[in-house]
Asker: 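Encoded as structure tokens, here's the structure I'll be asking about.
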Amino acid sequence: MSGDRIIIFDTTLRDGEQSPGCSMNTREKMEVARALVDLGVDVIEAGFPIASPGDFEAVTQIARAYGDRSTICGLARSLDADVQRAKEALKDAEKRRIHVFLATSAIHREFKLKMDKEEIVERAVRSVEQAKEFCDDVEFSPEDAARTEPDFLCEVVERTINAGATTVNIPDTVGYATPSHYFRVISHLKQHVSNIDSAIISTHCHNDLGLAVANSLAAVEAGARQIECTINGLGERAGNAALEEVVMAIHTREDYYGCQTAINTDRLYPTSNLVSSITGMKVQRNKAIVGRNAFAHEAGIHQHGMLQERTTYEIMKPEDVGFVGENLVLGKHSGRHAFRDRVQQLGFELDDEALQRAFDDFITLADKKKEVYDADIVALVENRLGDTPDRWQMVSFHTSAGSSSIPTATLELQCEEQPVICDAATGDGPIDAVFRAMERIMELTARLEEFNVRSVSRGKDALGEVRVTINVNGRHYHGRGVSTDIIEAAALSYLQALNKVAEDRRTQIPHRAETHPANP
Ligand code: KIV
Ligand code: ZN
């Protein structure tokens, strides 16, 4: 690799997860962390250990499992107790980083912190020093840097680098910057901070004005060499800079930026799907890089051009980002071998057991459906990802409904090896009846907040995918199910969400309330 290397710092599990409705349990965070490692992310900000026992547990497990492959980072306010908690959570990671932050802008100093400039500098320096006792790799963020007085920002940055910060992150916390403004903020630091070359400058842009990606790229032009970003641009309010967009901009315009990342770009689309499925945050169809229409050419003149020469209208190849179209690949008579090869080409690595389960699902599907598309295979395989199967499984269901009858469902569920439980319920429609019967058996009640159905591929016999979001005592849980029978897909998605509720009750690890963490 030649030219300058850009460090990709992913904060999906911290800033992304902080956004309302996007919270994940430890098992889900582990799945996302595994995908981020496979994607080739340099630094994974795994959470904010002091925020809740759930956050602490997730950072600890991710540090243990993946701390030899990516650098695992824990967030801490500039407080002794926060830094201490981050140290405990990260202790098993071979490559670890503590990220301390403290707001520096006048508005935050006056109204939130009620501290003067001197106190801010002292506290920032102290917390960097405290983190440094534990690891060499320490990042400091002057929160709301984009609205901080330039000279004071220089002072804070210089003093924290002297105290041992190896990365200085310059957050545009409220998404206020514009590209030329942010370029100037970074350039000013490059010109006026005497020790700036001893640290990596990082960007952290929020998307309130829709400029997070543009601002991050402007910072790279000014000399930043780390970008903080999230999959699908998840994050507080309008989100953070989207990882897939900054990475593909740097990759596609290497001629202009002269920089590279270590991202395996063909994992972008699968990772985006996984995060969307786990958080329940749908990706808009025309979203750059990972939207379903990102590579669709509708206009005749474009299609004509594409047929002559793809590059007339295509600046990236769909396969470069692992985009899965509707290629017809397999049918009823395709063997296990062909199935395994296709699964690998689509970028999945399944162990023998998971592969066998996915293959069994494929055979069942191929029996019902004449043509099986790549997108169908992805849906089946994603359903079989995850280390442990859910505890409650559906054994059977039966519904009856019609214009002159009361919709009714009969359902059989089994919890691990225990006897099968059968119950029945009525509802507004057959799906509602299934949901009610399920709640009766599992002795749980939930409020259904979102219900989305989509067809995974083409045709009347296409696989249907249902995603639900439920609310139980103010906490959101997401579920996803696929089947050619839409009632079954709905039942499976609701069951997945309720399984998560049951798991939370069993482990009783309190999770953080779905709000932004309190500041010091
Ligand atoms: O937006 C922000 O300022 C943050 C900091 C904690 C880096 O997320
Ligand atoms: Zn942020």
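In listed order, ligands and their atoms are each counted from 1. In this chain, residues are counted from 1 in sequence order. This one's a predicted model, so the numbers in the text were calculated from it and none came from an experiment. Just so you know, these numbers use all the heavy atoms, side chains as well, and skip hydrogens, waters and symmetry mates.
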Asker: With distance as the sole criterion, is a donor-acceptor pair present between the side chains of Y256 and E221 under 3.5 Å?
Answerer: yes
Asker: Would you kindly check if the NZ (Lys) or CZ (Arg) of R96 is within the cone defined by 45 degrees around the ring axis of F134 and under 6.0 Å from the six-membered ring centre?
Answerer: yes
Asker: If you look at H206, which of its N/O/S atoms is nearest to the Zn ion (ligand 2)?
Answerer: NE2
Asker: Ligand 1 versus E228, non-hydrogen atoms closer than 4.0 Å: side chain, backbone, both, neither?
Answerer: neither
Asker: So, is D15 placed with an N/O/S atom under 2.8 Å from the Zn ion (ligand 2), counting both backbone and side chain?
Answerer: yes
Asker: To the nearest 0.5 angstrom, please state how far the CD1 atom of I6 sits from the CG atom of D4.
Answerer: 6.5 Å
Asker: Is H99 in polar range of ligand 1, meaning some N or O pair under 3.5 Å apart?
Answerer: no
Asker: Would you check the N or O atoms of H206, main chain and side chain alike, for any that come under 3.5 Å of an N or O of ligand 1?
Answerer: yes
Asker: One thing to verify: whether E122 and R159 come together as a salt bridge, which I'm taking to mean a side-chain N less than 4.0 angstrom from a carboxylate O.
Answerer: no
Asker: State the atoms of ligand 1, each with its element, that fall below the 4.0 Å cut-off from a heavy-atom position in E143.
Answerer: 3 (O)
Asker: Are a donor atom and an acceptor atom from the side chains of T173 and D144 found within less than 3.5 Å of each other?
Answerer: no
Asker: Is there a heavy atom in R14 that sits closer than 4.0 Å to ligand 1?
Answerer: yes
Asker: Applying a heavy-atom cut-off of 4.0 Å, say which part of E236 lies close to ligand 1: side chain, backbone, both or neither.
Answerer: neither
Asker: Where does T173 meet ligand 1, judged by heavy-atom distances below 4.0 Å: at the side chain, the backbone, both, or neither?
Answerer: both
Asker: Could you list the atoms of ligand 1 found under 4.0 angstrom from a heavy atom of D15?
Answerer: 8 (O)
Asker: When you measure from the centre of the six-membered ring of F152, is the NZ or CZ of K117 under 6.0 Å away and within 45° of the axis?
Answerer: yes
Asker: Looking only at side-chain N and O atoms, does Q130 offer a donor or acceptor that is under 3.5 Å from a partner on R126?
Answerer: no
Asker: Please determine if N169 has a nitrogen or oxygen closer than 3.5 Å to a nitrogen or oxygen of ligand 1.
Answerer: no
Asker: Looking at R27 and E503, does any basic side-chain N land under 4.0 Å from a carboxylate oxygen?
Answerer: no
